[in-house]
Protein chains: 2
Amino acid sequence: MYRETRQRKAIRRALKDAGHPLSPNELLEAAREHVSSLGIATVYRNLKSLQEEGRIVPVELPGEPARYEVAGKGHHHHFHCRQCDKVYEVDGCPGNLGSVTPPGFHLEDHEFVLYGLCDLCVA
Amino acid sequence: MYRETRQRKAIRRALKDAGHPLSPNELLEAAREHVSSLGIATVYRNLKSLQEEGRIVPVELPGEPARYEVAGKGHHHHFHCRQCDKVYEVDGCPGNLGSVTPPGFHLEDHEFVLYGLCDLCVA
DNA sequence: GTCGTTGCAAAGCGTTTGCAGCCTA
DNA sequence: TAGGCTGCAAACGCTTTGCAACGAC
């Protein structure tokens, strides 16, 4: 159904190579290394279709534009470095969620974001 | 330093009366009940100055426009109802954060968002 | 050759800013 | 009365959409 164009390949490859969530703009710059004429509209369109296919998932952090990462990584959360602005995956989950859910509320999902300095910026 | 204008009063009152975080637009509609000529630019300007004064704090949820609540409530998190789109405060905190922080990283803060149905929407 | 895809430019949408007149202190 | 504040409209940055040309199948 979806065609494998040069642009689409470049976008998927850039996302995979990055290893951490990328914003549309970061993705544009990265993918332009392979397809220099790439336009931002194409990035958005492909992000949308890749999401619909389930190949990537949005990583939405409070007050930040959405970033995207490859799907299928299992339950995890993110660490946002205040210095370099990169977003890292963190495995595991604090759990203990029922204890903070108000009575009568139905909990379906949760998001969890850590803020601080990554190992590179600590040094 | 800051003048207590009708607009400013209406905005602060609307925020206080709501009892839960409001978006700029929700705030505009609520505050217009008292000052019908109120403009959205004034809402944004007052939100900014009230923040600088420390009277309100932004509540930023992933993928959502910022909402605002009155400051001074102590450590808490939020529950976002998927049905009515309201945001509620939840007291307490799962804790156990150190266990998910990657080695070498310096944890300074965290955000935590619950998703599901509020008690009104469950019923 | 078909028809989905691309790049450009224009349109949207939420937020910010410039400016002349207004109103609080 | 002075200078901060307001409302309007224009500007802004990010995202989406319209359209004609392009290119994967």
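Just so it is clear: chains get the letters A, B, ... in the order the sequence lines come, proteins before strands, and each one is counted from 1.
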### Task
Return the value, rounded to whole Å, for the distance between atom CG of B:Leu50 and atom P of D:dC5.
11 Å
### Query
From A:Leu22 CG over to A:Arg67 CZ, what is the distance, rounded to the nearest 0.5 angstrom?
9.0 Å
### Query
Between B:Phe105 and A:Tyr88, is the ring centre distance below 6.0 Å?
yes
### Message
How many whole angstroms separate atom CG of A:Leu47 from atom C1' of C:dT5?
### Response
15 Å
### Task
Please report, rounded to the nearest Å, how far the P atom of C:dT5 is from the NZ atom of A:Lys9.
14 Å
### Task
May I ask you to check whether over 12 heavy atoms, not counting those of A:Arg82, lie within 6.0 Å of atom CZ?
yes
## Note on the structure
In whole angstroms, the gap separating C1' of C:dG14 from CG of B:Leu61 amounts to 17 Å
### Task
May I ask you to say whether B:Lys86 pairs ionically with B:Asp119, meaning some side-chain N is under 4.0 Å from a carboxylate O?
no
### Query
CG of A:Leu27 versus P of D:dC14: gap in Å, rounded?
15 Å
### Query
Could you state the CG-P distance from A:Asn25 to D:dC14, rounded to the nearest angstrom?
7 Å
### Message
Evaluate A:His110 against A:His77 for side chain to side chain donor-acceptor pair (under 3.5 Å), listing each step before the verdict.
### Response
CA-CA 10 Å; A:His110 66 280; A:His77 296 292; 3.3 Å; yes
### Task
Starting from C1' on C:dC23, measure out to CG on B:Asn46 and report it in whole angstrom.
14 Å
### Query
Could you write nucleotides 16-25 of chain D as a row of B, S and -, 5' to 3', where a protein heavy atom under 4.0 Å of any base atom gives B, of only sugar-phosphate atoms gives S, and otherwise -?
BBB----BBS
### Query
In terms of side-chain geometry, is the basic nitrogen of A:Glu4 or A:Lys9 positioned less than 4.0 Å from the acidic oxygen of its partner?
no
